[in-house]
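Working notes, beginning with the structure itself.
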Amino acid sequence: MIQVESKITKNTCQDEQLYNFVSDFRNLAMLFPPEYRDKVTFSEHSISVEAMKGMYATFSILEQEPHKLIKLGVEATRDFFIWIQLKQVAAYDTRIRITMHAEIPKVAGLFAKKKLQMFVDTFADALGQIPVYAFQAHNLN
């Protein structure tokens with residue numbers, strides 16, 4: 001098992017705004033680099049990723065606590081989870097942390113940990129950079 005936590009990032013919004021935005025996965029499409037968007041499909045409550053040619057993994061919301069937590073994972077297996085944690089520390093100051101838990105063979109985990117760390121840090125940075133006007137429109141689709 002590998003558990004990787006991102007650095008804590010900050011968004012100048014309220015926790016409710018960020019939670020509402022992030023809990024509709026269609027809004028996350030804009031955070032993905034253009035070169036990967038053709039391998040990912042977003043719906044309101046799930047994300048399907050083409051892991052290998054013709055093979056897809058679908059991540060969906062497994063648990064949520066309004067304004068604080070969204071836990072997503074692959075429903076077919078309980079071997080992979082991502083937690084998006086939000087904490088409002090002041091008005092227009094919401095902190096973000098991403099935690100990833102993956103059941104990976106130990107040898108593969110040694111090679112994957114650095115890439116997984118980069119992924120969670122980049123994801124946390126991206127959530128921290130969502131501009132406030134995105135919440136005002138709230139529907140970018």
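Source: prediction; values computed, not measured.
- Here the side chain of D79 pairs no donor or acceptor atom with the backbone of E103 at under 3.5 angstrom.
- One finds the CZ atom of F25 at 8.0 Å from the OG atom of S46 (value rounded to the nearest 0.5 Å).
- A single hydrophobic cluster is not seen to contain both F81 and V22; linkage of ILVMFWY side chains at heavy-atom distances under 4.5 Å, directly or through other members, places them apart.
- F21 places a side-chain heavy atom less than 4.5 Å from the side chain of I130.
- Side chains of Q85 and T99: a donor-acceptor N/O pair is present below 3.5 angstrom, by distance only.
- E5 and V120 get closest at one heavy-atom pair: C-CG2, 4.0 Å.
- Atoms CZ and CG, on R97 and L69 in that order, are 11.0 Å from each other to the nearest 0.5 Å.
- The line from CE of M100 to CD1 of I82 is 4.0 Å long, rounded to the nearest 0.5 Å.
- Between the E50 side chain and the G54 main chain, a donor and an acceptor come within less than 3.5 Å of each other.
- Between the side chain of R37 and the backbone N or O of A29 there is at least one donor-acceptor pair closer than 3.5 Å.
- Of all heavy-atom pairs between A112 and I104, the closest is CB-CD1, 4.5 Å.
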From CA spacing to verdict: side-chain contact (heavy atoms from CB on, under 4.5 Å), K68, K87: CA-CA 6 Å; K68 295 182 177 117; K87 181 172 178 131; over 6 Å; no

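- The two atoms that bring S43 and D24 nearest to each other are O-OD1, 4.4 Å, heavy atoms only.
- Between F59 and F80, the ring center distance clears the sub-6.0 Å criterion.
- Cluster membership for L62 and I98, using ILVMFWY side-chain heavy atoms within less than 4.5 angstrom, is not shared.
- Annotation: side chain of Q88 is not in contact with side chain of H67 (no heavy-atom distance under 4.5 Å).
- Taking the charged nitrogens against the carboxylate oxygens, D15 and R95 have no contact shorter than 4.0 Å, which rules out a salt bridge.
- In this structure, the side chain of D93 does not engage the main chain of N11 through any donor-acceptor pair within 3.5 Å.
- M1 shares a hydrophobic cluster with no other residue; no ILVMFWY side chain has heavy atoms under 4.5 Å from its own.
- To the nearest 0.5 Å, the span separating CD on Q117 from CG on D121 amounts to 4.5 Å.
- A perpendicular orientation is assigned to the rings of H101 and W83, their planes being inclined by more than 60° (bins at 30° and 60°).
- Side-chain N or O atoms of Q17 include one that pairs as donor or acceptor with a backbone N or O of Q14 at under 3.5 Å.
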Derivation of the side-chain contact (heavy atoms from CB on, under 4.5 Å) call for T12 and T94: CA-CA 6 Å; T12 56; T94 299; over 6 Å; no

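- Using a 4.5 Å heavy-atom threshold, the side chains of I47 and T58 count as separate.
- In this structure, the separation between CG on L86 and CG on L18 is 5.0 Å, given to the nearest 0.5 Å.
- Without hydrogens or angle criteria, T9 side chain to A124 main chain gives a donor-acceptor distance under 3.5 Å.
- For the 3.5 Å distance criterion, the side chains of Q64 and Y19 qualify, holding a donor opposite an acceptor.
- Distance CD1/I96 to CG/D125: 9.0 Å, rounded to 0.5 Å.
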